[in-house]
Protein chains: 2
Amino acid sequence: MTQKKANARPALAQGDSTEAKLLDAGMALFGELGFKATTTRMIADRAGANIGSIAYYFGNKRGLYLAIAEHIGQHLKEKLGIAQLFAEAPPADELSPVLALELLNQLANKMIDLFACDREAEKWLMVIMREQVNPTEAFEHLYKNAFLQVHSTLSFLISRLMKRSAEEDEVLMETHFLVGRIVFLLVGKTPLLRRLGQTGGYSEETVVLAKGVMARHLRQLVN
Amino acid sequence: MTQKKANARPALAQGDSTEAKLLDAGMALFGELGFKATTTRMIADRAGANIGSIAYYFGNKRGLYLAIAEHIGQHLKEKLGIAQLFAEAPPADELSPVLALELLNQLANKMIDLFACDREAEKWLMVIMREQVNPTEAFEHLYKNAFLQVHSTLSFLISRLMKRSAEEDEVLMETHFLVGRIVFLLVGKTPLLRRLGQTGGYSEETVVLAKGVMARHLRQLVN
DNA sequence: TATCATTAATCAATTGATTAAATTCTGGTT
DNA sequence: AACCAGAATTTAATCAATTGATTAATGATA
């Protein structure tokens, strides 16, 4: 029996506590290697902690994974600032196509920066993506708190742009295609860098190019 | 020492031989679960073969994986019929934008069918994608014989469409965005089906919709 | 002192690999 | 056809290494 703390974890493990270091290490490793290929020893080593501490704080390996999934939704929303986006915008029913395009461009650019450049976010973005491809226990949470948040925000803006209803399949498909283009900057990073003759990571010019091409695509949604 | 056959395998293991069944089973499992999460016992069970036969035919688990990677390039080229595409087309330097658009639409539609509907191809498509995300020994082969084949064919057609050089970064980015949209039909299948309120797989109408939206996007490349 | 936290050691289960024996297949000879 | 020797293939059992989990002892903290 583990009498330990089990539940009732302090709101959001902060700083350099063992618990926080395990979450960070796990996020990086699960994102890079996936759940099965990541061993508890790797996590403990990377966190500079003992293997036993995983059980102490999270029950077991899967418990740590689920705890990580719960954090990711917050990370994503903070990074993209979806909340602020609407705070400054007018009420939904009087959002002009012009302003919708402007907001859509802002959000797309933020997403491109995140998926293409943010070396730290890269890790947990991959956790989200892996979970969409091979859903496990954590899928529901990540879908609802991460994927759907972004997807529905985008489809709302696109619906205003196209002067359609946000529930139409065509709007959803456009949204999915939009997300696919950006996601593939991360998922297909290795082959694209090859194609571009670059090494290491995307150059500043490449990111600008991606945003430019994306902006043109978005503009053409209005017609 | 294993004096067995080692190299010199009969061109392409056919039919219901143990070797072919191991390749099939491995393709499905590696594609679904990834290399690490797939055990040799799973493969043997699914193939209705003995665990030892993996070593007998392929040396070890990794050998089977690499053998599978070598088959995938052929599968892909057959399914997309890239060879035929150009057999019927005029020489490269006199390919009009109109015809390029037509060929591009054909290829894109074939890819959509493959990524969205082909339950059998789904497995080894995922092997290709996994390898682009987390390159291993098999990356070089799959990139050169699968990914690059498709990517360079698409970028050539797009370059004709945009009246640009096929080496320009903007053409490569358009190509990558095109591939990303289609790949995400597979990678993001679970969340998109949710969004569309469908279960199981894409409906016929959804596939038609995807092709229609894609066709509009391609048309807009001409401007 | 009593709770919280960390550590090292150990356990059972799983995994990829190996082996030797058993079985099937093949070509050549009578 | 019948037979057989040798190769090819399949099988069951076993091995060492790795893995997630557990435990009891120790250290730190309030």
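Every chain is numbered from 1, with letters handed out A, B, ... down the list of sequences. Only this structure's heavy atoms are used, side chains among them; waters, hydrogens and symmetry mates stay out.
- Taking only side-chain atoms of B/Tyr56, from C-beta outward, the nucleotide of D/dT10, C/dA17, C/dC4 with the closest atom is D/dT10.
- Taking each heavy atom of A/Glu122 and A/Leu186 in turn, the nearest pair found is CG-CD1, 3.6 Å.
- Nearest-nucleotide mapping onto DNA chain D: of A/Met42 and A/Asn50, the residue sitting toward the 5' end is A/Met42.
- Distance, A/Leu29 CG to D/dT19 C1': 15 Å, rounded to whole Å.
- Of the two residues contacting DNA chain D, namely B/Ala49 and A/Ala37, the nearest-nucleotide position lying further toward the 5' end is that of B/Ala49.
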- [ ] Go through the steps for A/Tyr65 and A/Phe30 under the test side-chain contact (heavy atoms from CB on, under 4.5 Å), then give the verdict.
- [x] CA-CA 8 Å; A/Tyr65 182 73; A/Phe30 285 136; 3.7 Å; yes
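- When distances run from any side-chain atom of A/Tyr57 to the nucleotides D/dG20, D/dT9, C/dT6, the shortest one goes to C/dT6.
- Contact check, A/Thr40 against D/dG20: a side-chain N or O comes under 4.0 Å of OP1 or OP2.
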TODO: Would you please test B/Arg62 and B/Phe35 for side-chain contact (heavy atoms from CB on, under 4.5 Å) and show each step?
DONE: CA-CA 8 Å; B/Arg62 179 152 294 275; B/Phe35 181 79; 3.4 Å; yes
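- Distance, B/Leu64 CG to C/dA17 P: 10 Å, rounded to whole Å.
- Within the 4.0 angstrom heavy-atom criterion, only backbone atoms of the sugar-phosphate kind lie near A/Asn60; the bases stay farther away.
- Distance A/Asp16 CG to C/dT6 P: 11 Å, rounded to the nearest Å.
- Put simply, CD1 on A/Ile51 is 11 Å from C1' on D/dT22, counting in whole angstrom units.
- A/Met214 is listed as a side-chain neighbour of A/Leu178, based on a closest heavy-atom distance under 4.5 Å.
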